[in-house]
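Residue numbers run from 1 in the order of the sequence given. Keep in mind that what you see is a predicted model, and the values were worked out from it rather than measured.
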Amino acid sequence: MTVMDDWVTAACAELSLDPTQVPVPMVLDLAKDVAHQVLRPGAPVSAYLLGLAVGRGADPAVAAQRLSALAASWPVGLGAETVDPSAP
């Protein structure tokens with residue numbers, strides 16, 4: 001098992017969820033897309049929004065794909081925060 005597997009298993013146990021129902025690669029891909037094409041803090045918020053949509057009955061793969069497509073189409077001037085190399 002990886003650390004991620006251990007974390008997901010423990011977090012699912014804490015929340016009474018089935019860890020086999022957690023599509024980790026899909027969530028990480030969504031977070032990467034949003035972090036790189038929109039802004040970093042948008043990644044966890046988008047993962048939360050995905051969870052809300054799935055909790056309301058949305059297909060996880062479809063919802064993640066829609067959010068990734070939205071991130072891909074996000075106007076360059078509105079996203080992709082520039083990183084100050086001198087910032088800590």
Side-chain angles (χ1 to χ4, degrees):
M1 284 184 100
T2 67
V3 173
M4 179 63 77
D5 293 332
D6 292 342
W7 168 250
V8 169
T9 299
C12 283
E14 189 68 26
L15 299 173
S16 301
L17 299 171
D18 179 358
T20 65
Q21 299 298 308
V22 180
V24 172
M26 183 182 68
V27 173
L28 293 177
D29 285 343
L30 169 61
K32 174 190 58 124
D33 292 344
V34 173
H36 291 181
Q37 297 172 30
V38 182
L39 75 161
R40 286 187 185 129
V45 173
S46 297
Y48 178 78
L49 294 173
L50 175 64
L52 287 177
V54 171
R56 293 182 178 171
D59 178 282
V62 171
Q65 192 284 323
R66 289 179 64 187
L67 289 174
S68 288
L70 179 62
S73 70
W74 199 251
V76 174
L78 296 179
E81 294 176 314
T82 56
V83 176
D84 179 356
S86 66

*Report the residues that fulfil side chain to side chain donor-acceptor pair (under 3.5 Å) with Ser68, sequence neighbours left out, ordered by chain and then residue number.*
Asp33
*asked:* I need the single residue from Val34, Leu28, Val27 that forms a side chain to side chain contact (heavy atoms under 4.5 Å, CB included) with Leu30. Which is it?
replied: Val34
*Residues that Ala61 engages under side chain to side chain contact (heavy atoms under 4.5 Å, CB included), provided they are two or more places apart*: Met26, Asp59
_Nearest-0.5 Å distance, OG1 of residue Thr9 to CE of residue Met4_ = 11.0 Å
*List in chain and number order the residues that pass side chain to side chain donor-acceptor pair (under 3.5 Å) with Asp29, two or more places apart in sequence or in another chain; answer none if no residue qualifies.*
none
*Any side-chain donor paired with an acceptor under 3.5 Å for Thr2 and Asp5?*
yes
_Atom of Pro41, atom of Val45 and distance for their closest heavy-atom approach_ = O-CG2, 3.5 Å
*What residue pairs, at least two apart or across chains, pass side-chain hydrogen bond (donor to acceptor under 3.5 Å, both in side chains) with a residue in residues 45-56?*
none
*Nearest heavy-atom pair of Ala43 and Ala35: which atoms, and what distance?*
CB-CB, 4.0 Å
*Looking at Pro60 and Val54, what are the two nearest heavy atoms and their distance?*
CA-CG2, 3.7 Å
*What pair of heavy atoms forms the shortest contact from Leu50 to Ala64, and how long is it?*
CD1-N, 3.6 Å
_Restricting to side chain to side chain donor-acceptor pair (under 3.5 Å), what partner residues turn up for Ser16, sequence neighbours left out?_
none
*Go through the structure and list residues passing side chain to side chain donor-acceptor pair (under 3.5 Å) with Asp18, not counting sequence neighbours.*
Thr20
